[in-house]
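These numbers come from the heavy atoms of this one structure, side chains and all, not from hydrogens, waters or symmetry mates.
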Amino acid sequence: MNNVPFKGVIAYPITPFDDNEQIDIPLFKKQVELLVATGAHGIAPLGSTGVMPYLNDTDKEAITEATMQQVAGRVPTLVGVSNLTTERTVYHAKFAEKAGATAVMIIPMSYWKLTDDEIVKHYDTVASKIAIPIMAYNNPATGGVDMSPALLKRLLEIPNVTMIKESTGDIQRMHYLRKELGEEVAFFNGSNPLALAAFSAGARGWCTAAPNLIPELNLALYAAIQENNLEKARNVFYKQVNLLKFIVAKGLPRSIKAGLDLLGVGGGGFKSPIQPLSQNEIAELDCILSAIENEVYQS
């Protein structure tokens with residue numbers, strides 16, 4: 001795997017805010033430290049979990065620098081640098097590289113539907129301005145663009161586009177990617193409820209916010225896959241699947257913040273228009289986390 005610095009469980013931190021909707025950097029660093037200390041194989045700030053599209057340039061730079069300071073080279077870092085324009089994407093990619101990021105992740109964001117040629121040029125332009133690897137992120141639900149396997153194959157021809165994150169939630173797509181792009185292609189799963197199936201389809205890693213709440217189970221799933229122990233992998237996955245479904249259904253920033261509050265870590269506030277979970281939803285999450293804790297303790 002040339003220039004692929006990630007494998008395993010890549011954890012997404014949230015972006016916490018104070019009462020004035022300003023980023024709470026001390027709390028963010030505390031949350032990142034917890035992710036590193038509990039064994040995440042990589043840290044990926046400024047994804048959808050980190051509400052990246054809601055942040056201004058100063059916010060993004062502060063989160064990037066805080067991540068590098070807290071991680072301090074202990075695990076690789078994958079910084080989200082996506083923007084509507086190529087110029088701003090280049091700007092944030094160069095900033096992340098200078099700050100010490102291991103790699104950057106880019107999702108093609110659009111208001112008008114982008115053509116394949118426009119997307120290729122977008123990635124190619126950014127790639128020409130930095131030397132670190134790029135992960136191409138396909139998530140039509142958030143980015144508004146569904147990159148076909150044929151397009152992803154074109155992107156992989158760009159020298160430092162070395163990784164693909166697939167978040168369509170279509171397991172057949174993952175099998176097709178492996179079949180069409182070859183065994184050596186490094187693709188990563190971004191669909192939480194498909195974690196087990198994606199590893200079975202050959203995913204090199206799992207990009208997820210779940211380690212904020214249940215790191216031991218997330219890591220145990222990857223370890224079972226590495227051991228080629230499918231029965232153990234299934235058992236571990238079944239213990240966490242209800243939570244994985246919940247955080248996706250209710251929204252990752254809301255769910256993870258509520259979960260961190262329940263666990264006593266502190267999730268911080270939100271940036272409008274995003275609002276917290278309802279009390280009923282928080283109670284449901286509490287039940288799910290308690291059931292997981294009881295089952296893990298009993299086993």
With a 3.5 Å cut-off and sequence neighbours excluded, list the donor-acceptor pairs that the side chains of residues 60-67 form with protein atoms.
residue : atom : partner : partner atom : Å
E61     : OE2  : Y91     : OH           : 2.4
T64     : OG1  : K60     : O            : 2.9
T67     : OG1  : I63     : O            : 2.7

* Where the side chain of H175 meets the backbone of A201, is there a donor-acceptor pair that is under 3.5 Å apart? -> no

* Asked: At what distance, to the nearest 0.5 angstrom, does CD1 of I107 lie from CE of M105?
  -> 7.5 Å

* Pair E227 + K232: basic N to acidic O under 4.0 Å -> yes

* Okay, side chain of N20, backbone of Q22: is any donor-acceptor separation there less than 3.5 Å? -> no

* To do: Please answer whether the main-chain N or O of V36 pairs with a side-chain N or O of R74 as donor and acceptor at a distance below 3.5 Å.
  => no

* To do: Check for a donor-acceptor pair, side chain of S128 on one end and backbone N or O of T125 on the other, with a separation under 3.5 Å.
  => yes

* Does the E21 side chain pair with the main chain of F17, one donor and one acceptor, at a distance under 3.5 Å? -> no

* To do: Only counting residues at least two apart or in another chain, list the ones meeting salt bridge (Lys or Arg N to Asp or Glu O under 4.0 Å) with D59.
  => K271

* Testing L35, T102, V32 for side-chain contact (heavy atoms from CB on, under 4.5 Å) with V71, which one passes? -> V32

* To do: Flag yes if more than 12 heavy atoms outside N228 fall under 6.0 Å of its CG atom; otherwise flag no.
  => no

* To do: Decide whether N192 and T208 meet the rule of one side-chain donor and one side-chain acceptor closer than 3.5 Å.
  => yes

* Check for a donor-acceptor pair, side chain of S148 on one end and backbone N or O of L151 on the other, with a separation under 3.5 Å. => yes

* Asked: Is the side chain of T162 donor-acceptor paired with the backbone N or O of P133 at a distance under 3.5 Å, no angle test?
  -> no

* Under 3.5 Å side-chain donor-acceptor pair for Q31 and N212 -> no

* Sidechain N-carboxylate O distance under 4.0 Å for R173, D146 -> yes

* **M135 with V161, same ILVMFWY side-chain cluster at under 4.5 Å** => yes

* Smallest separation among heavy atoms of L55 and G50, with atom names -> CD1-O, 3.8 Å

* Asked: Would Y222 and F199 count as a close aromatic pair, with their ring centres under 6.0 Å?
  -> yes

* Looking at R178 and E166, does any basic side-chain N land under 4.0 Å from a carboxylate oxygen? -> no

* Hey, does the side chain of K165 reach the backbone of I106 with a donor-acceptor pair shorter than 3.5 angstrom? -> no

